[in-house]
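The structure appears below as structure tokens.
Model, not experiment: these values are computed from the prediction.
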Amino acid sequence: MKKRIIVSRIFQSLFLVLLFVFPFSMEPLNLFTNEVTINLLVPYKMPFTNLIFAPFYLLPIFAFFSFFTIFTIKHFNKLCSVLYFLGLTIYLIFSVTVLILNANTARWFYNLPIYIYLIFFTCVILHSICTFIGLKRIRESNPNYAEYKEIKKAEKIANKVYKQKQKSELKQNKKSKKDQKKNKDLTESKTKIQKLKEKDKEETKNRIKTSLKSKVIFFVLGTIAIILFSFMFFILRGYKTSMTESVSDIGYSQAEQTASVYDSADGLYEKIQHFFEVQKESNSFTNSPYERIDIIITSNTTPFYIEKITDDTVLPTYDIFAYTTGKPSKIDMKDKVISKVKALDYVKRYKNGTYRKAPVYNKETGECKFYHPVTFGRKAGRKLVGFSVVTYREEVLMKTYYQTKVFVIAISVLFLYFGLFFTIFISDVITNPMLFLRSNVRKTANSIKEIVSGSAKVNPEDFDYEDCIKSNDEVKDLSVEIGNLVSLIRGIVPYISFSTLKNAEKESKRSYSRELCFLFTDIRGFTTMCEGLPPKDVVGILNHYLDIETQIILNNGGDIDKFVGDEMMAFFAGPKKEYNACKAAMEIRLAMRKEQQKSLEDETAYVNMGIGINTGKVVFGPIGSSTRMDFTSIGDTVNLAARLEGANKIYGSKTIITEAVYQKLNDSFLCRELDFITVKGKTEPVRIYEILQEKNIAEEKIYEIKDVFEKGLELYRAQQWKEAYAQFQLNAKKYNDYPSIIFMDRIKHFKKNPPPAEWDGVFVMKAK
């Protein structure tokens, strides 16, 4: 980085010095001669006292400043860039200004040294680069732009992945096509491949689109270009026409005046020569001076009258070069003679009035000649004795038009050049708010998409919409409305289950079978704790406990299906669903113990938690009416999990799971078999277990409770009441184990009321 800055500043300094010492233009060419004298203009030779050229002397100042700041690399970076940009701008402005003032003919451009062009266009390129970099920095100074670029990058990657996926699908279908060829069943494969190709083509067409910024730049810049070039075309065309007519009038008038003087002087040398001297003097003051005025007459004595000359008339050769304002020795012989054919043509132009509209142009010499017949008035008519000829160089004649043309083209190109950057800046001002708005909407949409796809948790905070639009216009209004919509979604999301969100976008709304693990919880003692409290406080306490449970379930890959008062129904999916459900249950129990500890410290009432877990197949799908439905699960698996949650009240346990769950835990939790029961509404008995602790952190006493209880349970089922009672009593006395106490009560009951002979140890629950 340091090395790059040093190289950059050295280059800037040297280039600015180069601009100051090298020629940047040249003086106007002499249009009265074909000989070219090149007088180059060099910036440092421009008079410093002239305020017009004074800014040129800023170039070496900028150069020396950039060079000496090499020793302070960490500072003046922006200032050096600005000074370098200003130096290029000064050079370009003066180059264009001098071009407009001095380019008086096309030969001026042909004779301008090539290195001046190279330096000029190098400056244009560097100036463009600096301007683009400046616009980019202005754009990147907006913090929302970086976020927009990240989203664009993500879209580009997504499009690339999509294309690769489409290619992979096409290859697989081509392979399928070959396999189907063997089985003579190609029709379906061809149709499928064709549909995939059409889909890919359509998707590609939809993705290849012109950005809004490009459209704005194209439209605005195109409009500016059309207006400028239309203006340039019509202005130059109109000016050229008016200029040609004006010059033709002047040339015709001079030729006519010369012929009139010759006629009035009756050919006398003194009068005519005096007229020519006056013309010479006045010609030096005109803006478009003629090269010379000639009078060419004939030595033929045969009279020819203008009125009687026809297309068949054979005129003589006009070969006497009588008078001229130029130097006869330097005039070509062919310009001193008018042939018979040309003489007749000039008479025709005179008679039909063509000579008034345009001169006779010689492309080889670049001369424009205005001819007028020289006559003497006679009774028989006007006797043709010769022609007056006014000769202009085309470059001189059209100098004003050419300079105007250079000025108009230069200004138009300059406007177009700055219009390009102005358009880019304006497009940023116009489109960036919409692009940033799109970024915010896309960010919110991505959050919803991730939640719906199952790759993210349902969290209202993910729908945080930031209104970054600073303008006070329709885009701002749209941003506010979108913000209101997002706020509405953020408010609704907590009331919609994750499964509903996830399945709402699917085209098929049919129910289907799924393997899920269900976890039911119920807060014990909540009603008693809330007696006498205001409803607002009751809701606050309930939400506090439910929020703790919800976060734990979500953190373990589960989802909340519904809340029913202080009860909660959650489910888990995937290969580790049983483990995740049990882990969530143990974390909920731990969190509840912490809450109980806080309640004891605050001397407030505390609550307990009952949890039931079961796994198996369920029917999953939309349940409800056509106007309000929920994606939920129904079936025996769900009902049994709910019954087990209630069974905790009977056994005094915390977490009860079924045998199906227990078998999937892979010995990761320490569990004890609790009973063999038939829940209310069912006839098929199920074996249930209680989760005691995670095995890797289980304490020694937990192992003892488990072993003693299961030994007692085995004796209980064998109807060895005394031995079983002793085992349960051991747990009850030593650890106050409530399930052991329950079984002690049952043994007392069975001692008085023995079970039937076919009793298999099944306990029938008569309550939910």
Side-chain angles (χ1 to χ4, degrees), residues 245-286 288-328 331 333-360 362 367-392 397:
E245 291 175 355
S246 175
V247 169
S248 296
D249 287 341
I250 295 172
Y252 155 72
S253 298
Q254 288 175 329
E256 186 179 33
Q257 184 182 12
T258 302
S260 177
V261 169
Y262 190 88
D263 183 16
S264 63
D266 201 22
L268 294 177
Y269 174 80
E270 291 79 5
K271 290 184 178 181
I272 298 172
Q273 189 62 30
H274 176 70
F275 169 75
F276 272 54
E277 292 296 332
V278 172
Q279 289 298 312
K280 279 184 182 181
E281 185 175 353
S282 62
N283 189 49
S284 61
F285 296 102
T286 185
S288 299
Y290 52 78
E291 187 171 1
R292 66 180 188 277
I293 301 177
D294 306 323
I295 295 179
I296 303 174
I297 59 177
T298 182
S299 58
N300 188 288
T301 57
T302 303
F304 291 91
Y305 298 96
I306 289 287
E307 295 83 1
K308 297 179 181 180
I309 296 175
T310 64
D311 293 346
D312 298 329
T313 303
V314 179
L315 295 176
T317 301
Y318 294 82
D319 52 1
I320 298 177
F321 196 67
Y323 297 95
T324 182
T325 58
K327 295 181 179 180
I331 300 173
M333 279 301 299
K334 62 182 180 181
D335 291 332
K336 297 179 181 181
V337 178
I338 300 175
S339 66
K340 299 175 182 181
V341 177
K342 287 183 177 181
L344 183 60
D345 180 60
Y346 297 155
V347 172
K348 288 180 183 179
R349 288 170 58 86
Y350 169 74
K351 294 180 74 173
N352 61 28
T354 306
Y355 77 108
R356 292 176 178 269
K357 298 178 181 179
V360 176
N362 187 331
E367 293 178 338
C368 298
K369 294 181 180 291
F370 296 89
Y371 290 86
H372 193 281
V374 175
T375 61
F376 287 148
R378 298 291 185 263
K379 290 182 179 181
R382 288 185 296 153
K383 179 183 176 182
L384 180 63
V385 295
F387 295 90
S388 62
V389 184
V390 180
T391 303
Y392 282 90
L397 195 64

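For the side-chain hydrogen bond (donor to acceptor under 3.5 Å, both in side chains) test, residues two or more places apart in sequence or in another chain that qualify with Asn300 are Thr302. Applying the side-chain hydrogen bond (donor to acceptor under 3.5 Å, both in side chains) criterion to Thr310, with sequence neighbours excluded, gives Thr313. Under the side chain to side chain contact (heavy atoms under 4.5 Å, CB included) criterion, Asn362 pairs with Glu364, Thr365, sequence neighbours left out. Taking Glu256 as the reference, nothing meets the salt bridge (charged side-chain N to carboxylate O under 4.0 Å, His left out) condition, with sequence neighbours excluded. In this structure, Thr258 has no side-chain hydrogen bond (donor to acceptor under 3.5 Å, both in side chains) partners at least two apart in sequence or on a different chain. Partners of Lys336 by side-chain hydrogen bond (donor to acceptor under 3.5 Å, both in side chains), not counting sequence neighbours: none found. Contacts of Thr354 classified as side chain to side chain contact (heavy atoms under 4.5 Å, CB included), with partners at least two apart in sequence or in another chain: Arg349, Asn352. For Tyr346, the ring pair (Phe, Tyr, Trp, His ring centres under 6.0 Å) test picks out Tyr371, Phe387, with sequence neighbours left out. Residues that satisfy the side chain to side chain contact (heavy atoms under 4.5 Å, CB included) test with Pro289, not counting sequence neighbours, are Phe32, Asn283, Thr286, Val396. The ring pair (Phe, Tyr, Trp, His ring centres under 6.0 Å) check on Tyr252 picks up Tyr355, with sequence neighbours excluded.
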Show your working on side-chain contact (heavy atoms from CB on, under 4.5 Å) between Val347 and Leu315 and close with a plain yes or no.
CA-CA 10 Å; Val347 172; Leu315 295 176; 4.1 Å; yes

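Atom NZ in Lys340 sits 11.0 Å away from atom OH in Tyr318 (nearest 0.5 Å). With values rounded to the nearest 0.5 angstrom, Ser248 atom OG is found 7.5 Å from Leu397 atom CG.
Under the 6.0 Å cut-off for aromatic ring centres, Phe370 and Tyr290 do not qualify, their centroids lying 6.0 Å or more apart.
Residues Tyr262 and Gln257 bring no donor and acceptor atom of their side chains to less than 3.5 Å of each other. In this model, a donor atom of one side chain and an acceptor atom of the other lie less than 3.5 Å apart for Thr391 and Lys369.
Ser388 places no side-chain N or O within 3.5 Å of a backbone atom of Ile295 that could act as its donor or acceptor partner.
In plain terms, the two heavy atoms of Thr298 and Asp319 that are nearest each other are CA-OD1, 4.2 Å. Nearest heavy-atom pair, Phe321 versus Ile296, reported as atom, atom and distance to 0.1 Å: CD1-CG1, 3.8 Å. Across Arg292 and Asp335, no two heavy atoms sit closer than the pair NH2-CB, 3.4 Å. Contact record, Thr317 with Ile338: CG2-O, 3.5 Å, taken as the closest heavy-atom pair. When every heavy atom of Pro373 is checked against every heavy atom of Ile306, the shortest pair comes out as CB-CD1, 4.1 Å. The shortest heavy-atom contact between Val390 and Gly251 is CG2-O, 4.1 Å.
Residue pairs meeting the salt bridge (charged side-chain N to carboxylate O under 4.0 Å, His left out) criterion with at least one member in residues 297-311, sequence neighbours excluded, are Glu307-Arg382, Asp311-Lys348.
Residues Leu344 and Ile309 meet the side-chain proximity criterion, which asks for heavy atoms closer than 4.5 Å.
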Using atom types as modelled, flag every donor-acceptor pair under 3.5 Å from a side chain in residues 271-279 to any protein atom, sequence neighbours excluded.
{"residue": "Gln273", "atom": "NE2", "partner": "Glu277", "partner atom": "OE2", "Å": "3.3"}

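With salt bridges taken as basic N to acidic carboxylate O contacts below 4.0 Å, none links Asp263 and Lys383.
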